Number of protein chains: 4
Amino acid sequence: MSRKKGSTSSHPRLPRQRPGPLGGKRDENRKLKQQLLLTTATGLFKKNGMEAVAIDEIVDSAGISKGSFYSYFEGKADLVNVLFSPLRLQFEDAFQKAKSQMNQAQGELALFDAYQNMATAMAQSCLAEPDLILIYIAESRGAPTGARQPILELSDLITQNALELTEIAQKRGLLRPFDARISSLAVIGAIERLLFEYLRGTFEYHPIELTAALISLVLEGLQSEDFVTS
Amino acid sequence: MSRKKGSTSSHPRLPRQRPGPLGGKRDENRKLKQQLLLTTATGLFKKNGMEAVAIDEIVDSAGISKGSFYSYFEGKADLVNVLFSPLRLQFEDAFQKAKSQMNQAQGELALFDAYQNMATAMAQSCLAEPDLILIYIAESRGAPTGARQPILELSDLITQNALELTEIAQKRGLLRPFDARISSLAVIGAIERLLFEYLRGTFEYHPIELTAALISLVLEGLQSEDFVTS
Amino acid sequence: MSRKKGSTSSHPRLPRQRPGPLGGKRDENRKLKQQLLLTTATGLFKKNGMEAVAIDEIVDSAGISKGSFYSYFEGKADLVNVLFSPLRLQFEDAFQKAKSQMNQAQGELALFDAYQNMATAMAQSCLAEPDLILIYIAESRGAPTGARQPILELSDLITQNALELTEIAQKRGLLRPFDARISSLAVIGAIERLLFEYLRGTFEYHPIELTAALISLVLEGLQSEDFVTS
Amino acid sequence: MSRKKGSTSSHPRLPRQRPGPLGGKRDENRKLKQQLLLTTATGLFKKNGMEAVAIDEIVDSAGISKGSFYSYFEGKADLVNVLFSPLRLQFEDAFQKAKSQMNQAQGELALFDAYQNMATAMAQSCLAEPDLILIYIAESRGAPTGARQPILELSDLITQNALELTEIAQKRGLLRPFDARISSLAVIGAIERLLFEYLRGTFEYHPIELTAALISLVLEGLQSEDFVTS
DNA sequence: CATGAATGAGCGTTCATTCAT
DNA sequence: TATGAATGAACGCTCATTCAT
C-alpha cells in the first residue's frame, strides 16, 4: 500500500506537496533539484528537439532518479509547462501593460513609449532565456502533442495580443489601417525567424543591429504605404 | 541498427520495378497505390505531425498491408522525400528562372517581372498542395530526424535562394542596401507565418487579398525607409 | 535506426547502476536476474542456435519483461559478449601464462609442464561451462553477425595463440618443425570436433579417456614423423 | 483457382514438373534458370552465411522473379537440399566404394589403395565445388534449422562413414586399435578446419603441401603411438 | 522520501510465402 | 507460365509510467 501524504490536493496524481516547512531546507533542496531538471531538459530540448528527448535522458544527464522526476513533475508535458510558465507570465504582463498604457496614452509619443516599453521588456525576457526562446520558436508550429501544448498556448497568446495591439495602434492612428491580422502575423513571423537564426548561431550578427531591426519591426511593422501597393 | 540484420550485405531492397508493360494495369495500379499512401500520409502528417504518425497508422488508413508499404518506399524518410520532391523541384526551378531572368533584365520593370513570375509560380505551387506546405511550415524548424531531412533541405534551399535574390535585387538597385540576410529572413518568416495561418484555416481570408499581400512582401520586401529608421 | 530514433543523440542508455547499497537486496536481485537471463539464453542458444533465438523467447522463458532485458543488457550482442567474457578472460590468461612459462622454461620437462598446465586450465574452463563451449563450437564458423562477434573474436584468439605456442614449441625443439599454421589448425579442429560430439552427448565417453586424448593432442599434436610422410 | 498440372506427384506443394517434353527447349531453360539460382545462392551463402541470405536477395541477384523461385524450389530448405545433393551422392559413392574395396582387399597395399582412391575422389569433389565445401564447413555445426538439415545430414553421413572406415581399417590392422570414434572425429575435425581456412583464403598455402597434409591425415590419421601416450 | 527495476504497448523494419494478373 | 505485389507475423529495440524497496 502506498503511503499518501495528507495533502490539500484532491488530485491523486499530482506531484506531492513539498514536505518540510516552506523555505526550509527540504523545500530549498526540492527547488534546486527541480531547477536542475528544468535546466538540463532545456539544454537537451535545444539540442535534440522536444520530441526526441526521453525522460531517461533528462534524468541521467541531471543525475537524478526517474522516480524523483515524477515527484517533481507529472510528466514531460508538465515539465514543459513549468519551463515556460515564467516566460508566459512575463509576456502576459508586458502585453497587459502595453494595452493599458496605450489605452490611456494621450499623444503619439505616449503610444510609442508604450510600444517601446513592451518591446524592451520582451527583448529582455528573450535575451535572459535564449534557449527557451529557441525551443519555443522551433516547436511552436509543431503538432499539438501533449508536451507541446504549453508552447502552442504561448504562441496563441502572442498572436492574439499582437493582433489586439495592432488594432489599438490602428485605432489610435499610429499605424495605417491595413488588415491587422495580416500585419501582426507578418511581424511576428519575421521576428521569430530572425531570432531563430540569430539564437541558433547561423548568424553572427551584431546584436545591436539585430535589436534595432527587431524593434523597428515591432514599432513600425509593415505600416509603409509601399506594402499595400500590390 | 538498427532491427536490422546485422549483416554486411548492402542490398538496398529498392522498390521493385513494375512487372507488366510500362503502361499496363499493374504499373498503373502500382502508381495508384503509391499515390494513395502519399495522400494518406499527407493527411495524417497534417493532423498529427510527422513524428507522431506511425507507419501502421498510414497503412491502416490506406487499407494496405505494412509489408506493402516497404515495397513502395524504403521507409518513412523515403516517403517524405518522395512527397516533397516535386515541390522542391518546382521551387528550384522557380528560383533558377528568377535568378537568370534578373541577371539578364535590363530595366527595373524587367526586374519586377522576374520577381512577379517567381512569386506567381511559387504561389501556384503552394496553393496546389496546401497540405504539403502546411506540413513543411510545421516541421521545418524541427530537429533533424532522418524523416525530416528532405524538409530541412527544402528550408535551406528557400533560405539560401531568397538571400541570393535579395542580394541581386540590391545590386540592381531594386532594393535599398539593407542587410540582405536580415531582410530575406524577415520576408520568409512573414510569408511562412501568413501561409501557415491561412492554410490552417485560422484565417478566413480572401485568397486574393492574401496573395496580394504575399506578392507585395516578396516584391517590395522590407525596402521602405521606415523599416530601418529605428 | 532500427527502430531506432533517428537522432543524433549518442546517449548510450547503459544498464543502470544498482540503487541500494552494493551488497544490498537490490544489488543481489539485479545480479540474480542478469544471471537468470544469461542462463536462460544459454539454454536456448544451445537448443536453437543464436540467431534463431528471439529476445522475446529469452524473456518469456525467464519470466521477465522485454523492457527489463534492455536494462540488463544493451542488446543481444551485449548479452553474448557478457556471456563469453569470462571464458575469454580465462583463455587469455591460460595462453599468457603458457607463453611466459614456455619462454622461461629451461628443460623439455618444464616445457611439457607449461603445456600441461595450460591444457588443464582450459579443460577445466570447458567442463565448467559445457553449454557455452557447445555454443562456441556451433557458432564459431558462422557469418559475422553483430551478436556473433564475441564468439568470432574468441575463435581468433584461440587460433592465434595456438599458432604462437606451436611456433614457440618448435623453436624450443619440443615439436618437429612442421608448418606451424597447419599443425595448430589441425589440433584445434580435432579438439573442437571431439568436444562438440562429447558435449552434445552423441558420445557417451568416459571423460577421463577423452581428457587424456585431448591433452595428448595438445601436448604432442601432430608431431609424429608419420604425419608428414605422405 | 490455380491451375494444377496433372502430375505424378501427390504432394500439392512440390514444384511443378517440367512443362514441355524432357530435353525440350522449355526443359532446358528450366534447368538453366534453376542452375543460375543455385549458383547465385551459393555465392551469397558463402559471403553472408545461409541464415542471413533472404530469398529476395537470391532472386534479385539472379535476375529471376520470386514467383519463379518457388516454381523451381519449395523454399530455401529445398534449394539447399538440391544444392548439396550431388556432393552428397559423390560422398556416398566414395564411401561405398571404399568400404567394399576395403572389405575385399587382401593385402595392406590394397587397403591403402582403397583409402587413396577415396581420398582422391573426395578431394576432387571438394576442389570442384570449393564454395559448397566452405558453406558446408561453416554451417555444419549450426542449429538444425529447416534449411540447414541437408547439411547436417551430410555431416552425419561423413561422420558415420569415417567411423566405419576407421573400424574396418583397425580390424584389418591398418590402424592401431585406438578408439575409432575419437580418431575418426579428430581426423574429420582437423581436415575440416584446414580446408576451412584454406578455402576462405586466410591461408595462402601451396595446395600441394596442403593436399599432402590432408591425405596423410586421412591415410594415417592419428595412428601414431605417441598419440595415445598421454 | 528517493531510487531505479519492471512493465508492455509501440515503433520501424524484414521476410517467407501466396496469388492475382 | 512468369511476374512481383500483397501479406502479416516476427524481430530488435524504446520509452513513459508505475511501484516495491
Side-chain angles (χ1 to χ4, degrees), chain A residues 1-3 5 13 16 19-20 26 30 33 54-57 59-60 64-71 74-77 146-147, chain B residues 1-6 13 15-20 24-26 29-30 33 54-57 59 64-72 74-77 146-147, chain C residues 1-6 13 15-20 24-26 29-30 33 54-57 59 64-72 74-77 146-147, chain D residues 1-3 5 13 16 19 26 29-30 33 54-57 59-60 64-71 74-77 146-147:
Chain A
M1 92 211 71
S2 66
R3 194 150 51 89
K5 274 254 156 184
R13 289 258 160 281
R16 304 182 197 84
R26 275 188 159 175
R30 243 192 108 69
K33 281 204 182 171
I55 294 196
D56 272 309
E57 232 174 321
V59 297
D60 286 359
I64 284 173
S65 76
K66 220 191 309 205
S68 286
F69 178 92
Y70 281 92
S71 89
E74 285 174 64
K76 213 187 198 176
Chain B
M1 215 171 354
S2 1
R3 171 245 34 54
K4 250 138 258 186
K5 285 249 161 177
R13 179 96 50 258
R16 214 62 36 51
Q17 305 306 323
R18 64 243 148 317
K25 205 164 186 185
R26 276 194 165 172
N29 207 298
R30 212 187 142 70
K33 285 221 176 149
I55 309 273
D56 274 309
E57 239 176 311
V59 296
I64 282 173
S65 77
K66 212 175 186 175
S68 281
F69 177 91
Y70 286 90
S71 88
Y72 290 114
E74 284 175 61
K76 209 182 182 182
Chain C
M1 120 219 72
S2 181
R3 185 197 21 66
K4 246 140 256 181
K5 285 251 162 175
R13 178 99 48 261
R16 214 62 37 49
Q17 305 305 324
R18 65 248 147 320
K25 206 166 186 184
R26 276 195 165 172
N29 208 297
R30 212 187 142 70
K33 285 222 177 147
I55 309 274
D56 274 310
E57 238 176 312
V59 297
I64 282 173
S65 76
K66 210 178 190 173
S68 281
F69 177 91
Y70 286 91
S71 90
Y72 290 114
E74 283 174 63
K76 208 182 183 182
Chain D
M1 91 211 68
S2 66
R3 195 149 50 89
K5 275 251 157 186
R13 289 259 161 279
R16 303 183 196 83
R26 275 188 161 175
N29 202 325
R30 243 191 109 70
K33 281 203 181 171
I55 294 197
D56 273 309
E57 231 174 322
V59 297
D60 287 0
I64 285 173
S65 76
K66 220 190 309 202
S68 285
F69 178 92
Y70 281 93
S71 88
E74 284 175 65
K76 213 188 198 178

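Note that the structure is predicted; figures quoted are calculated from it, not measured. Chain A is the first sequence line, chain B the second, and so forth, proteins listed ahead of strands; every chain is numbered from 1.
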Q) DNA chain F: D/S65 or A/G75, which has the more 5' nearest nucleotide? A)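 Its nearest nucleotide being more 5', the pick is D/S65.
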Q: Compare every heavy atom of B/V59 with every heavy atom of B/F69, then report the nearest pair and how far apart it is.
A: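 Shortest heavy-atom separation between B/F69 and B/V59 comes out as CB-CG1, 3.6 Å.
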Q: Kindly give the heavy-atom pair with the smallest separation between A/A77 and A/G146, and that separation in Å.
A: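 Looks like CB-O, 3.6 Å.
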Starting from [atom2] on [N], measure out to [atom1] on [X] and report it in whole angstrom.
{"X": "C/Y70", "N": "E/dA9", "atom1": "OH", "atom2": "C1'", "answer": "15 Å"}
{"X": "B/Y72", "N": "E/dT13", "atom1": "OH", "atom2": "P", "answer": "18 Å"}
{"X": "A/D60", "N": "E/dT3", "atom1": "CG", "atom2": "C1'", "answer": "13 Å"}
{"X": "C/E57", "N": "F/dA10", "atom1": "CD", "atom2": "C1'", "answer": "11 Å"}
{"X": "C/F69", "N": "E/dA6", "atom1": "CZ", "atom2": "P", "answer": "13 Å"}
{"X": "B/I55", "N": "F/dG8", "atom1": "CD1", "atom2": "P", "answer": "17 Å"}
{"X": "D/D56", "N": "E/dT18", "atom1": "CG", "atom2": "P", "answer": "15 Å"}
{"X": "C/K33", "N": "F/dA20", "atom1": "NZ", "atom2": "C1'", "answer": "11 Å"}

Q) Can you find a heavy atom in the side chain of B/K33 that is under 4.5 Å from one in the side chain of B/S71? A)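 In short, these two side chains do not touch, never coming nearer than 4.5 Å.
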Q) Say you draw a straight line from NZ of B/K76 to CD1 of B/I55; how long is it, rounded to the nearest 0.5 Å? A)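 Interatomic distance, B/K76 NZ to B/I55 CD1, rounded to 0.5 Å: 6.0 Å.
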**Q.** Inter-residue atom distance A/K66.NZ - A/D60.CG, 0.5 Å rounding
**A.**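 Here the rounded value is 8.0 Å.
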Q: Name the closest nucleotide to the B/A54 side chain, picking from F/dT7, E/dG12, E/dA6.
A: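 In terms of side-chain proximity for B/A54, the closest of F/dT7, E/dG12, E/dA6 is E/dG12.
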Short side-chain N/O contact from [X] to OP1 or OP2 of [N], under 4.0 Å:
{"X": "C/S68", "N": "E/dT7", "answer": "yes"}
{"X": "A/K76", "N": "F/dC15", "answer": "no"}
{"X": "C/R30", "N": "E/dG4", "answer": "no"}

**Q.** Base F/dT7 to side chain B/K66, donor-acceptor N/O within 3.5 Å cut-off
**A.**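 There is none.
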Q) Starting at the 5' end of DNA chain E, what dot-bracket string do you get if Watson-Crick and G-U pairs under 3.5 Å are bracketed, crossing pairs use [ ], other-strand pairs use | and unpaired bases use dots? A) .||||||||||||||||||||
Q: Could you tell me whether B/G67 contacts a base, only the sugar-phosphate backbone, or nothing, with contacts defined as non-hydrogen atoms closer than 4.0 Å?
A: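 The answer is base, as B/G67 lies within the cut-off (heavy atoms under 4.0 Å) of a base atom.
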